[in-house]
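Notes for the one structure printed next.
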Number of protein chains: 2
Amino acid sequence: MDKTLYICNIFYYSMISGKFAITIHILTLLTKFPNDFLSSEFIAGSMNLNPVLVRKEIANLKAHHIVESKEGKNGGTKLLKEASDITLKEIFELTFDNINLGYAKNQPNPDCPVGKKVNQNLSELYADINEKVGLQLKKITLEDFSSQF
Amino acid sequence: MDKTLYICNIFYYSMISGKFAITIHILTLLTKFPNDFLSSEFIAGSMNLNPVLVRKEIANLKAHHIVESKEGKNGGTKLLKEASDITLKEIFELTFDNINLGYAKNQPNPDCPVGKKVNQNLSELYADINEKVGLQLKKITLEDFSSQF
DNA sequence: CTAAACTGTAACATTTTTTATTACTAATTA
DNA sequence: TAATTAGTAATAAAAAATGTTACAGTTTAG
């Protein structure tokens, strides 16, 4: 079968809300074994998670050139960069759009002065929060985080 | 019917993930009309939300002595405190346990050194984030937020 | 003193999101 | 060339969030 048929329609992929935690876990394992290609099965075993979900997160990491992976027997995934050159801010950004404290699901009433502006005002508040969190996460490298284990 | 039968078993209530946004919206409206009892119907109209959900959030605000409400005809809800005496930190705390970037759903493998400690290490990271966000939200009062409208 | 307009909240239904599974193609290596 | 591994589609299942209905109890206006 033609490989192009396999091209992923990204919109069919659901988000994974434990994305950040899962991605950190994967990267911590890769940091502990920087010279080995770790299989999704092995990684999934540490997380008690389905290997397919691990591979989805790895696909994301690959798209951001954080890891490389090798198909076939003895294949797996390894870091492309030094753990000391990866910050938690990068990992955060590749697993989250932004930190936010949520929006109401429905479009508020545009005829109400509050309804009309509430989402914009919340966005601005959240942008500030996001910036502060980003500054903090930028100071922590994957190496820092992994060395706690 | 005996009123005690109406006692709410909190565990049967689902969380509302737009809780913070909804609560802020409610409080902003109450701030705009500090002398009136606003009905859940009116508030829900500004949010395009079911009045029952508004009443659920109001129940939470009442439990924290932020608002009072009056049953019966011409009833509704009003602020118990000045908007300048309510910080966004308080609102955050009453709608969120903590800010966090998520945990994987399943218990990780306790036989893996990483699996064994990952949630604890994430918790510590999240606690730091939470503290920073809290400091920021403490500086903003409901009055500050509402005056943007 | 009664009808209307509210809140409170239970119970349940629906929708949306997240997570898990299965299945199969393709690649790699021993 | 068989075994092992990634890639990813498709679908199923589970969990979480949101919405609805219903009705008891409260208050007030008239």
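Just so you know, these numbers come straight off a predicted model, no measurement behind them. Numbered from 1 within each chain, the chains take letters A, B, ... in sequence-line order.
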| query | Does A:Asn74 have a side-chain nitrogen or oxygen under 4.0 Å from the phosphate oxygens OP1 or OP2 of D:dA3? | reply | no

| task | Please determine if a side-chain N or O atom of A:Ser40 lies less than 4.0 Å away from the OP1 or OP2 oxygen of D:dA6. | result | yes

| query | Can you tell which of D:dG19, C:dC6, C:dT19 lies closest to the side chain of A:Leu53? | reply | C:dT19

| field | A:Lys132 side-chain N/O to B:Lys132 backbone N/O, donor-acceptor pair under 3.5 Å | value | no

| Selection from C:dG8, D:dA22, D:dA29 that lies nearest to any side-chain heavy atom of B:Val52 | D:dA22

| Can a donor-acceptor pair be found between the side chains of B:Asn109 and A:Asn48 at a distance below 3.5 Å? | no

| query | How close or far is atom P of D:dA6 from atom CD of A:Glu57, stated in whole angstroms? | reply | 15 Å

| message | Both A:Lys73 and B:Gly75 contact DNA chain C. Taking the nearest nucleotide for each, which residue is further toward the 5' end? | response | B:Gly75

| field | From C:dA27, D:dT5, C:dA11, nucleotide with atom closest to A:Glu71 side chain | value | C:dA27

| query | So what does A:Thr77 touch, heavy atoms closer than 4.0 Å: a base, only the sugar-phosphate, or nothing? | reply | nothing

| Atom CG of B:Asn48 to atom P of D:dG19: distance rounded to whole Å? | 8 Å

| request: Among the candidates C:dT7, D:dA6, C:dA20, find the nucleotide nearest to the side-chain atoms of A:Leu49. | output: C:dA20

| said: Applying a 4.0 Å non-hydrogen cut-off, can you work out what B:Asn50 is touching in the nucleic acid: base, sugar-phosphate, or nothing? | reply: base

| said: Between B:Phe37 and B:Phe33 (judged by ring centroids, cut-off 6.0 Å), do the two rings come close enough to count as a pair? | reply: no

| query | Would you say D:dG19 has OP1 or OP2 under 4.0 Å from some side-chain N or O of A:Lys105? | reply | yes

| Could you state the CD-C1' distance from B:Glu68 to C:dC6, rounded to the nearest angstrom? | 15 Å

| remark: By nearest-nucleotide position on DNA chain C, the 5'-leaning member of B:Asn106 and B:Ile58 is B:Ile58

| query | Between the side chain of A:Lys138 and the main-chain N/O of A:Val133, is any donor-acceptor distance below 3.5 Å? | reply | no

| said: Just the rounded figure in Å: distance from P of D:dT8 to CG of A:Leu61. | reply: 14 Å

| Of the listed nucleotides C:dC6, C:dG8, D:dT18, the one nearest the side chain of B:Ser69 | C:dG8

| B:Gln107 CD to C:dA20 P: how many Å, rounded? | 14 Å

| field | Whole angstrom value for the distance that separates P of D:dA17 from CZ of B:Phe20 | value | 17 Å

| query | Do A:Cys112 and B:Leu29 have side-chain heavy atoms sitting under 4.5 Å apart? | reply | yes

| task | May I have the distance from A:Lys78 (atom NZ) to D:dA6 (atom P), rounded to whole angstrom? | result | 15 Å

| A:Glu93 side-chain N/O to A:Glu90 backbone N/O, donor-acceptor pair under 3.5 Å | no

| field | Protein-nucleotide distance (A:Glu41, atom CD; C:dT22, atom P), rounded to Å | value | 13 Å

| Among C:dT29, D:dT27, C:dT9, which nucleotide sits nearest the side chain of B:Ala59? | C:dT9

| note | Per nearest nucleotide of DNA chain D, the residue lying toward the 5' end, B:Arg55 or A:Pro51, is A:Pro51

| Think A:Lys56 has a side-chain N or O under 4.0 angstrom from the OP1 or OP2 of C:dT19? | no

